[in-house]
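Note sheet for the following structure.
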Amino acid sequence: MANQQSYTKADVYINSNKLAESASVTISTTSGKQPVKTMAKGLAGFTKGAGMTEIDVSNAVPSIDFEFDPTQFMFGDDDSIELTIYVAGRTLTLEGSITSCNFSFAVDSASKLDFKFTGGEASWE
């Protein structure tokens, strides 16, 4: 019999409130580094760019109401929020903004509300 191990799940929090209806989360981190190319050296190195983290969250939508309405954090002057994700005993916390959201429903599918969060550089702690 093969050795089996348990695998982690992820918990998503917005401003310290757990999103119990979250169904998926995707984290994309980019350094923003730009390649420096010269005629003599070809790829000569890299210059520092604007690093950022983009997080896509998909939330199931109960028939009674949205668990979380991202639009309340999208259109004001200071809409920054704190997003925290717990995975495999580690934590990723960063401040940023929700930049887009969409709702979808189809026959034989759960209704869902997806949103995109964009923040600065972040590392797992």
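Computed over heavy atoms, backbone and side chain alike; hydrogens, waters and symmetry mates excluded.
Side-chain contact check for Phe115 versus Asp56: every heavy-atom pair is 4.5 Å or farther apart. Contact of the Met74 side chain with the Cys101 side chain is registered, since non-hydrogen atoms from C-beta on lie closer than 4.5 Å. Side-chain contact check for Val57 versus Leu19: some heavy-atom pair is nearer than 4.5 Å. Side-chain contact between Asp11 and Lys18 is present, with at least one heavy-atom pair separated by less than 4.5 Å. Annotation: side chain of Ile55 is in contact with side chain of Ile85 (closest heavy-atom distance under 4.5 Å). At a threshold of 4.5 Å between non-hydrogen side-chain atoms, the residues Ile81 and Ile98 count as touching.
No donor-acceptor contact under 3.5 angstrom links the side chains of Asn59 and Ser22, judged on distance only.
The heavy-atom pair separating Ser16 from Glu82 by the smallest distance is OG-OE1, 4.3 Å. Nearest approach of Thr8 to Ala88, heavy atoms of both residues: OG1-N, 2.9 Å. When every heavy atom of Met52 is checked against every heavy atom of Thr118, the shortest pair comes out as SD-CG2, 4.3 Å. When all heavy atoms of Phe66 and Val61 are compared, the closest pair comes out as CD2-CG1, 3.7 Å. For Gly96 against Phe117, the heavy-atom pair with the smallest separation is N-CZ, 3.4 Å. Minimum heavy-atom separation, Thr29 to Ala122: CG2-O, 4.4 Å.
Using modelled atom types, one side-chain atom of Gln34 and one backbone atom of Gly32 make a donor-acceptor pair closer than 3.5 Å.
Going from atom OG of Ser58 over to atom CD of Glu21 covers 11.0 Å, rounded to the nearest 0.5 Å. One distance of note links CG of Asp114 with CG of Asn102; it measures 5.0 Å at 0.5 Å rounding. Annotation: the span from Thr71 atom OG1 to Phe103 atom CZ amounts to 13.0 Å, rounded to 0.5 Å. Atom-to-atom distance recorded for Lys33:NZ and Phe46:CZ is 7.5 Å, nearest 0.5 angstrom. Distance check, rounded to the nearest 0.5 Å: OG1 of Thr84 to CD1 of Ile14 gives 8.0 Å.
Between Lys48 and Glu121 there is a salt bridge, with a side-chain nitrogen of the basic residue lying less than 4.0 Å from a carboxylate oxygen of the acidic one.
Clustering ILVMFWY residues whenever any of their side-chain heavy atoms sit less than 4.5 angstrom apart, transitively, puts Val25 in a cluster other than the one holding Tyr86.
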Would you please test Glu67 and Lys112 for salt bridge (Lys or Arg N to Asp or Glu O under 4.0 Å) and show each step? CA-CA 11 Å; Glu67 172 188 36; Lys112 62 181 183 171; over 6 Å; no
Intermediate values then yes/no, side chain to side chain contact (heavy atoms under 4.5 Å, CB included), Ile27 and Trp124: CA-CA 11 Å; Ile27 304 164; Trp124 292 97; 3.7 Å; yes
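A centroid separation of 6.0 Å or more is found between the aromatic rings of Phe68 and Tyr13.
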